[in-house]
Structures are given as C-alpha cells and as structure tokens.
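Okay, structure first, notes after.
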Amino acid sequence: MFYSKKEIQKLIDNLDIVQVIGEYVNLKKAGSDYKGLSPFKEEKTPSFTVSPVKNIFKDFSTQIGGNVISFYMKINDIGFIQAVEELSQKYNIPLKKNRGYEAVNRETEKKKAVNREYFEIMKEAQIFFRENIEKYDEALEYMKERDFSLEEIKKFGIGFASSSRDDLFQYLLEKDFPEEKIMELGLAKRNENGEVDSVI
C-alpha cells in the first residue's frame, strides 16, 4: 500500500462524510443522521443513511455500507488508491506516501525503460530478418516451393537468417544499441576466439 493506515485514517477523519456524499445524494437531516434515496438502485422511500457521528453510511436497500472512501470508490467505480488520492486532492488533505515508495517507483520506471529498449532491439532484429529474405534468391525460391508468395511473406513477416557470421550483430550496433544488451537478449555471443557471432 502506498499509504500507511495512519494516513488513511487521517483522511477519513478530516473528510466531511455528509459533504462528500451530499454531492451525489440529496440528503435531509433526520435526527443525528441524514437520509436520502439510494444512489445504487431506484427507490421511492429513502433507505440510504449517513451517520456523521459514526462517520459511516448504510444503504439498506442494497446492504452496501462503509466509510467515505468506500462510498467514493463505489459511486465512481474506481480503485482504493485512486479514490484516496482524488479525495486528498479534491478536499486539500495532504497525505504522506509510505517511506520507500519513491525508490520503488523509480526502480519500476527504470525496469520499464530497460524493457522498452529490449523491445526495440527485438523489433529491429525482426525488421532485419524480414528485409533480409528479399536479398537472397535461394530463400525466396525455398518459400516459393512451400507455396508462399512474396505478398504472403511480407504479410506474415517471414524472415531469413544468412550464414554470415555477425551481420545481425553489426546491423544492431549501427542502430546504436548497446553491445551488452544485444548479448543479454541472446542475439549474439562471443566465440572461443573472442569474435562475435550472431546466434540466429
């Protein structure tokens, strides 16, 4: 969870449950409570009750009840964190995220960036092989024997890997991809002589 129980409770305690729910339900005072028509189903007799003393609501027609956050989640069909952050901003009640959240978030973004680069490398490798097939007559002839037309080859993204030792590796380097990332993806490796071989 991004917020401690203490911070969540602070939000609940500082929100005016009648004010929040009153934006969605026409509430009328009834003793120490407030009543209105259910926002969750059609009804003619009010069965929806808000208790500012207990800081809860109860819809007796649907048996839905809870605190101000659960109401906001239900009425807007959103998740807990989104509800907490929207209520915090809307009613100007600042909340502190758990210690370490920012570090975790940075790490997550870092992993996403790495994965994006891996995806781009694999995408370029696919383009390389896809374009490569048209450069080799034997490859096209083989596909023709398998009843594939040039249009079908392009449609299905069929590629060709030649016997050249490091053509894919050099192609990816020319696209400014880091050598170590190409290796990590298994698209190339160093042989016993220290030379780089494309492995596909």
Side-chain angles (χ1 to χ4, degrees), residues 1-127 130 154-157 175-178 181 184-186:
M1 184 182 291
F2 297 161
Y3 303 95
S4 67
K5 291 182 179 179
K6 182 179 179 181
E7 288 297 297
I8 297 300
Q9 191 59 51
K10 181 180 81 172
L11 177 64
I12 293 171
D13 292 341
N14 282 277
L15 285 168
D16 183 337
I17 191 170
V18 175
Q19 178 186 4
V20 175
I21 295 179
E23 294 191 17
Y24 302 90
V25 180
N26 184 18
L27 297 173
K28 294 183 179 180
K29 193 165 177 54
S32 61
D33 295 337
Y34 288 79
K35 287 190 175 183
L37 295 174
S38 170
F40 306 119
K41 65 174 289 187
E42 291 186 10
E43 64 177 7
K44 294 182 180 180
T45 303
S47 66
F48 185 89
T49 302
V50 178
S51 172
V53 176
K54 296 179 180 178
N55 220 1
I56 59 173
F57 76 94
K58 179 70 175 184
D59 181 2
F60 291 93
S61 66
T62 61
Q63 298 304 308
I64 296 172
N67 59 33
V68 64
I69 297 175
S70 57
F71 173 84
Y72 194 83
M73 289 170 60
K74 180 69 176 178
I75 202 72
N76 290 291
D77 192 25
I78 58 177
F80 179 77
I81 295 299
Q82 184 178 346
V84 167
E85 295 188 339
E86 286 187 9
L87 287 167
S88 170
Q89 293 171 11
K90 186 174 183 179
Y91 295 97
N92 195 27
I93 304 172
L95 298 178
K96 295 179 181 178
K97 289 185 171 70
N98 279 339
R99 185 179 298 177
Y101 165 75
E102 295 299 335
V104 171
N105 193 47
R106 284 195 300 271
E107 186 63 27
T108 299
E109 290 303 316
K110 183 178 178 181
K111 288 180 180 178
K112 286 182 180 179
V114 170
N115 288 337
R116 279 195 295 269
E117 186 169 29
Y118 284 150
F119 175 81
E120 289 301 320
I121 294 173
M122 295 301 291
K123 182 179 177 181
E124 281 297 334
Q126 182 189 31
I127 291 172
R130 200 169 61 224
K154 291 180 178 180
K155 177 182 177 181
F156 297 112
K175 295 292 181 179
D176 293 324
F177 291 119
K181 297 289 176 59
E184 286 172 12
L185 283 168

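The shown structure was predicted, so the numbers you read here are calculated from the model rather than taken from an experiment.
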Suppose we screen for side-chain hydrogen bond (donor to acceptor under 3.5 Å, both in side chains). Which residues come up paired with [X], at least two apart in sequence or across chains?
X: Asn92; value: none
X: Gln126; value: none
X: Lys54; value: none
X: Gln19; value: none

**Study point:** ring pair (Phe, Tyr, Trp, His ring centres under 6.0 Å) contacts in which one or both residues fall within residues 8-33, not counting sequence neighbours
**Key:** Tyr24-Phe71
Kindly write out the residues that satisfy salt bridge (Lys or Arg N to Asp or Glu O under 4.0 Å) with [X], not counting sequence neighbours, or none if the list is empty.
X: Glu120; result: none
X: Glu7; result: Lys10
X: Lys181; result: Glu117

Side chain to side chain, [X] and [Y], heavy atoms closer than 4.5 Å:
X: Leu15; Y: Leu11; value: yes
X: Leu185; Y: Tyr118; value: yes
X: Glu86; Y: Ile78; value: yes
X: Phe48; Y: Phe40; value: yes
X: Val50; Y: Asp33; value: no

Output the distance between atom [atom1] ([X]) and atom [atom2] ([Y]), rounded to the nearest 0.5 Å.
X: Tyr34; Y: Ile21; atom1: OH; atom2: CD1; answer: 12.0 Å
X: Leu95; Y: Ile8; atom1: CG; atom2: CD1; answer: 6.5 Å
X: Met122; Y: Ile127; atom1: CE; atom2: CD1; answer: 12.0 Å
X: Glu124; Y: Asp176; atom1: CD; atom2: CG; answer: 10.5 Å
X: Leu87; Y: Asn14; atom1: CG; atom2: CG; answer: 12.0 Å
X: Glu42; Y: Ser61; atom1: CD; atom2: OG; answer: 11.0 Å

Can you see which heavy atom on [X] is nearest to which on [Y], and at what distance?
X: Ile93; Y: Ser88; value: O-OG, 2.5 Å
X: Pro52; Y: Val18; value: CB-CG2, 4.0 Å
X: Met73; Y: Ala83; value: CG-CB, 3.4 Å
X: Ser38; Y: Thr62; value: OG-CG2, 4.4 Å

Check your understanding: Which residue pairs satisfy the salt bridge (charged side-chain N to carboxylate O under 4.0 Å, His left out) criterion with at least one member in residues 66-84, sequence neighbours excluded?
Key -> none
Check your understanding: Please, which pairs that meet salt bridge (charged side-chain N to carboxylate O under 4.0 Å, His left out) have at least one residue in residues 17-30, sequence neighbours excluded?
Key -> Glu23-Lys90
**Study point:** Under the side-chain contact (heavy atoms from CB on, under 4.5 Å) test, residues paired with Leu37 that sit two or more places apart
**Key:** Glu43, Pro46
Review point. side-chain contact (heavy atoms from CB on, under 4.5 Å) with Ser70: which residues, sequence neighbours excluded?
Key: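 Applying side-chain contact (heavy atoms from CB on, under 4.5 Å) to Ser70 gives Phe57, Asn67.
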**Study point:** Distance-only donor-acceptor check, side chains Asp59 and Gln63, under 3.5 Å
**Key:** no
Exercise for review: Have a look at Tyr3 and tell me which of Lys97, Lys96, Gln9 forms a side chain to side chain contact (heavy atoms under 4.5 Å, CB included) with it.
Suggested key: Lys97
